[in-house]
Every structure is written in C-alpha cells, then in structure tokens.
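What follows is one structure encoded as structure tokens, with my remarks underneath.
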Amino acid sequence: MIEAGGAWNEFELHAMRRALALAALGARTTQPNPRVGCVIARDGVIVGEGWHQRAGEPHAEVFALCAAGELARGATAFVTLEPCNHHGCTPPCTEALIKSGITRVIFACGDPNPRVDGSGAARLRAAGIAVEIGLCGNEGEELNRGFFKRMRTGRPWLRLKLAASVDGRTALAHGESQWITSPAARADVHRFRAESAAILSTSTTVLADDPQLDARPDGGSSPPLRQPMRVLLDRQLRIPPRARVFTTGGEVVRIAGAATQLIPAPAMVSPQGRIEHIALGVDGYLNLEAVLAWMGGAALNEVWTECGPTLAGALLNRGLVDEMVLYLAPKLLGSAAKPLAEMAGPARLAEAMTWHVHDLQQIGPDVRIILRRDR
C-alpha cells in the first residue's frame, strides 16, 4: 500500500511538471511501456533530467541520473511513475536510484503493473530513501491512461474518431464522405494515430474507401519511428491483397470469425496481414469484448478507431468506448445523409447515454470535441 505525500512547494511542483513534459516526448515511441519522465534536483536547482525514449532502452531515471552524475548524491528525484523494481529489458530503476545516493523520491502515481504495484516504493523505503506520492497525480495518470487501463482491466483505452457535419452526418446518402473535414483536422487525426498503439477498423471501411490507415504526422515530412498496428475486423476475410492498408509499414492483423477458414490461394497468403480468429457473438458478428481482450493481451495501450456507423454504434451500445474524438465541420448534409452511429435510441430522454466534454478546440475551420463517458 502506497501512502500519499503531503504538501509540496512551488519548485517541487515545477520539477514534476517538467518531468511530465519530458515524459510526453515519448508519446509515439514507448509502446507498450508507459511514458515516464524524471528530474533530479537539489537545493532548488535541476541537475539532471531524462525520459523513457522507447521500449527496450533505458528508463527515464537512468538518463536523469547519468545527466546529474555525482550531483545526484543527496538530491531528490521527481518521477512521473513509481520506479520499477524488476528485471525486464533493463535492470530495476530502484537499484539505480539507491546506488546514486538519492535521498528522496517523489512520484506522481503508483504503477498498477502487478510486477511493480507498490514494490518500487517499498524497495526505496527499505534502503532509507524518503518516498512520497501524489504530486500531479491526476496529470500522471492522464499521461498513461491506456497503460493504466490495460493493467487494471486487461483492455486498452479505446478512442472512437468521428467526423461529421454540424447536423451529425458522416456521409451523403450514396456514401460520399471525402472530405467532410478540413486538412487541418485530418492532420490532427494523424497525430492521434501516431500516438496510438493500434488503429482499429473494418473490412467494410477498407472496401469502401481503401484507406492506408497509417500515421503521417507533420505532413509526412518526418515519418514516425513506428507505425501503429492496424487491426481490421474482417470476419469473412473479404479484404483483397491489393488494398492500400497492406502497402505501408507496420503490422496488419485481420480478425476473422472463429469458423472462418483461410482460403489456400496465393492471393491470401502473407504479407497480407496476420490472421487471428475471434469467437462470434450471439448475433453472428465478432465478439467485440473478445477483440478488446485480445488487444490487451497483445500489450496495446491506446487504440484509435476509424470506422463506419455500424461498428461505431455497436461499440457505443456495448459501453466499450472510453473516449470520442468528434470533428464537426461547418456544413449541413441533410436528414438523408448517414448518421454518426447506428444504434437504438432511448425510450426516454432521461435514459440517454451521456458524456462530458473533456476538451474543446477549433482545428482550422472545424471544431474538435473530446468526450468521455459519464460512468
């Protein structure tokens, strides 16, 4: 059990906020690890800092301690997440902190990973190091919302991206949908894609639009160090090998129904994506809960979903969406155009599914609303 710390001064708040800003630099690269930043300070001066840059490489504490050198002795470490206390690809960060002579460690929030979960704090305290928790705790958890959800529930944080006119329509009646939103909004989507572990879509979307579903942040001038996994719900293996989603880097996984057999023809063989089979639900469609459990088992922290109204409605109806990212364009498409989601309405207004606005911004001529479910 980790006990929360008490009051902190302005410099300590500044140091932790700096650590959080450093941690955010790993938003596109640390998957499946959490994003972590560390600042070493003594006598009101920052003497070392670092951040976890990518999985398999040194953690934030190691970089910060190397930067501080001998100045770390007697100093305080500000870390955005409880230091690890187990051997993985790298040695435990608790060992590095103890050997450095650090006398105090403040971290924003505990690590829910069962391999840590309080053991890091206990190890530091056993070595005589003062440990405090809770400084910028909400910000620390927000930074790693996907990692925290996966550790606690076995499922990733699921974002549903929707783009619509101001009257809530996503495409004309005959299916034309490109482009409802502006280039600025589409560039914003690529930033979200790049920060996601995977992009979830369907065979229907691929067959209709032939999208690449890759991440091209910064206008494509500087490609990300990794492409998110593309997870395509392809129950009957309908996606053809010529689809553009297979032409970009990164792993593609097609999820088929449990009874679906791979057709033994050259056109259906790798590299057209790995195929996983998921049990069918009672309605004959893929079991979406099983799909999300599979994603959690694949160590995917945050999943970005781009799909049509059928899957959007199913995910919403089942309460599987953690966050909606809704882009509204200043256009009117009329009542015959396609809706945001295909789902049954409530019998009474009081029974309507309710969300709260987490963030609201203008992106070019469009408005982006980030919504989270009222639980």
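Just so it is clear, the structure is predicted and the values come from calculations on it, not from any experiment. All heavy atoms count here, side chains included; hydrogens, waters and symmetry mates do not.
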Could you pull out all residues at least two apart from T103 that satisfy side chain to side chain contact (heavy atoms under 4.5 Å, CB included)? none

Around atom CG of L360, are there more than 12 heavy atoms from other residues, nucleotides or ligands closer than 6.0 Å? yes

Heavy-atom side-chain proximity of E139 to M16 below 4.5 angstrom: no

Under a side-chain separation threshold of 4.5 Å, the hydrophobic residues clustered together with L332 are V166

Who are the salt bridge (charged side-chain N to carboxylate O under 4.0 Å, His left out) partners of R159, not counting sequence neighbours? E302, E323

Kindly write out the residues that satisfy side chain to side chain contact (heavy atoms under 4.5 Å, CB included) with Q361, not counting sequence neighbours, or none if the list is empty. D359, I363, R368

Could you give all pairs that pass the side chain to side chain donor-acceptor pair (under 3.5 Å) test and reach residues 38-51, with sequence neighbours left out? R18-E49

Below 4.5 Å, heavy atoms only, C-beta onward: do W355 and L326 meet side chain to side chain? no

Check the orientation of H358 and H356. Use parallel for under 30°, tilted for 30 to 60°, and perpendicular for over 60°. perpendicular

Please name the pair of heavy atoms, one in A121 and one in F107, separated by the smallest distance, quoted to 0.1 Å. CB-CZ, 3.9 Å

Among residues two or more places apart or on two chains, list those pairs meeting ring pair (Phe, Tyr, Trp, His ring centres under 6.0 Å) that have a residue in residues 292-326. F192-W304

Of all heavy-atom pairs linking L288 and A314, the shortest is CD1-CB, 3.7 Å

Is F11 atom CZ crowded by more than 12 heavy atoms from other residues, nucleotides or ligands, each under 6.0 Å away? yes

More than 12 heavy atoms of other groups within 6.0 Å of E10 CD: no

Would the number of heavy atoms belonging to other residues, nucleotides or ligands and lying under 6.0 Å from CG of N9 be above 12? yes

Could you tell me whether the side chain of C109 reaches within less than 4.5 Å of the side chain of L81, counting heavy atoms only? yes

I'd like to know if the side chain of D234 reaches the main chain of I239, judged simply by a donor and an acceptor atom lying under 3.5 Å from each other, with no hydrogens or angles considered. yes

Could you walk me through whether E195 and R35 pass salt bridge (charged side-chain N to carboxylate O under 4.0 Å, His left out), step by step? CA-CA 11 Å; E195 294 180 3; R35 302 149 183 166; 5.3 Å; no

